[in-house]
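Reading through the structure tokens given below for one structure.
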Amino acid sequence: MRVGIIGRGAMADALGGQWRRAGHEVVTGSRSGGLREAAESGTDAVLLAVPYEAVVEVVRGLGDALGGKVLIDCTNPVGPGFGLLTSGGPSAAERIASAAPSAHVVKAFNLCHVDVWRLTPPVFDGRPLAVPLCGDDEGSLTVVRRLVRDLGCEPLNAGGLDRAGLVEATAALLIRLWVGEGADAQAISPPRAYSGV
């Protein structure tokens, strides 16, 4: 696949490196250069790997270069005190979708620290990492599921884009527990056998 990455930071490097190893053609660009080239080259998918505070402006600036594209949002709208910057809505993913109305936005890859995405593969106690996806276009979700599996992870259906705010709030909570409290956030979720399902 041809994947464009908007951004040249740690997330762009980690995910882009893994996708290159999986055989995909990856082109990166940043606000200092190559932004439009990266967007246009991502004929199969474009990853938004810029800080949340800049993402809507960047997306608006790319305009028609994102038309019809699968646009993967891995941003986390988390601010001081681990608060959610989008509290009260709309979510970051929905704001991106409004800024690029002809693109197909999928929320993914926002729940883990960049070091997790550098693992080959990210498997813990024999269990592959699960990656929740939120999106409204089935074809776009199929593309992102493949990119998830190419990392050695398992995609999870977390619902439509209207559910992205829940995934973003989950990230804010987990970051607060991990970073703010030094807690083992995984301990808050019992095994499925005890979930009442």
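- Residues forming a salt bridge (Lys or Arg N to Asp or Glu O under 4.0 Å) with Asp44 (at least two apart in sequence, or on another chain): none.
- Note that CG of Leu119 and SG of Cys153 are 9.0 Å apart. Values are rounded to the nearest 0.5 Å.
- Scored by the side-chain hydrogen bond (donor to acceptor under 3.5 Å, both in side chains) test, Arg21 finds Gln18 as partners (sequence neighbours excluded).
- Taking both residues in full, the closest heavy atoms of Arg8 and Gly33 are given as NH1-O, 3.3 Å, listed atom of the first, atom of the second, then distance.
- Within the structure, salt bridge (charged side-chain N to carboxylate O under 4.0 Å, His left out) pairs that include any residue of residues 91-106 do not occur (at least two apart or interchain).
- In terms of heavy atoms, Leu151 sits closest to Pro121 at O-CB, 3.7 Å.
- Of the possible donor and acceptor atoms, one in the side chain of His113 sits under 3.5 Å from a partner among the backbone N and O of Asp115.
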Show your working on side-chain contact (heavy atoms from CB on, under 4.5 Å) between Asn157 and Leu133 and close with a plain yes or no. CA-CA 5 Å; Asn157 176 19; Leu133 309 180; over 6 Å; no
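- Hydrophobic clustering (ILVMFWY, side-chain heavy atoms < 4.5 Å, transitive): Leu141 and Trp19 are in one cluster.
- Rounded to the nearest 0.5 angstrom, Ser30 OG and Leu35 CG are separated by 7.0 Å.
- Listed by first and then second residue, the ring-ring contact (aromatic ring centres under 6.0 Å, His included) pairs that reach into residues 51-105 come to none, sequence neighbours excluded.
- Going from atom CD1 of Ile6 over to atom CD1 of Ile72 covers 11.5 Å, rounded to the nearest 0.5 Å.
- Considering every non-hydrogen atom in both Ala93 and Val105, the closest pair reads O-CG1, 3.9 Å.
- For residues 117-154, the pairs satisfying ring-ring contact (aromatic ring centres under 6.0 Å, His included) are Phe109-Trp117, with sequence neighbours left out.
- Using a 4.5 Å cut-off between side-chain heavy atoms of Ile, Leu, Val, Met, Phe, Trp and Tyr, with links allowed through other members, Leu48 and Val56 fall into the same hydrophobic cluster.
- The OG atom of Ser140 lies 10.0 Å from the CZ atom of Arg145; values are rounded to the nearest 0.5 Å.
- The structure places OG of Ser91 at 5.5 Å from CG of Leu161, a figure rounded to the nearest 0.5 Å.
- The CD1 atom of Ile175 sits 4.5 Å away from atom CG of Asn76, with the distance rounded to the nearest 0.5 Å.
- Under a 3.5 Å cut-off, the side chain of Ser87 and the backbone N or O of Leu84 do not form any donor-acceptor pair.
- The minimum heavy-atom distance linking Arg36 with Leu62 is given by the pair NH2-O, 3.2 Å.
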Mind running side-chain contact (heavy atoms from CB on, under 4.5 Å) on Val27 and Arg2 for me, showing each step along the way? CA-CA 8 Å; Val27 175; Arg2 291 172 57 90; 5.7 Å; no
Identify each donor-acceptor pair in which a side-chain atom of residues 178-187 lies under 3.5 Å from a protein atom, sequence neighbours left out, and give them as a table.
{"unit_1": "Asp184", "atom_1": "OD1", "unit_2": "Gln186", "atom_2": "N", "d": "3.2"}

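- Considering every non-hydrogen atom in both Ala49 and Ile5, the closest pair reads CB-CG2, 4.2 Å.
- Using a distance-only test at 3.5 Å, with no hydrogens or angles considered, a donor-acceptor pair links the side chain of Lys107 to the main chain of Thr75.
- Under the 4.5 Å side-chain heavy-atom criterion for grouping Ile, Leu, Val, Met, Phe, Trp and Tyr, Leu47 is connected to Val131 within one hydrophobic cluster.
- Closest approach of Ala39 to Leu66, counting heavy atoms only: CB-CD2, 3.9 Å.
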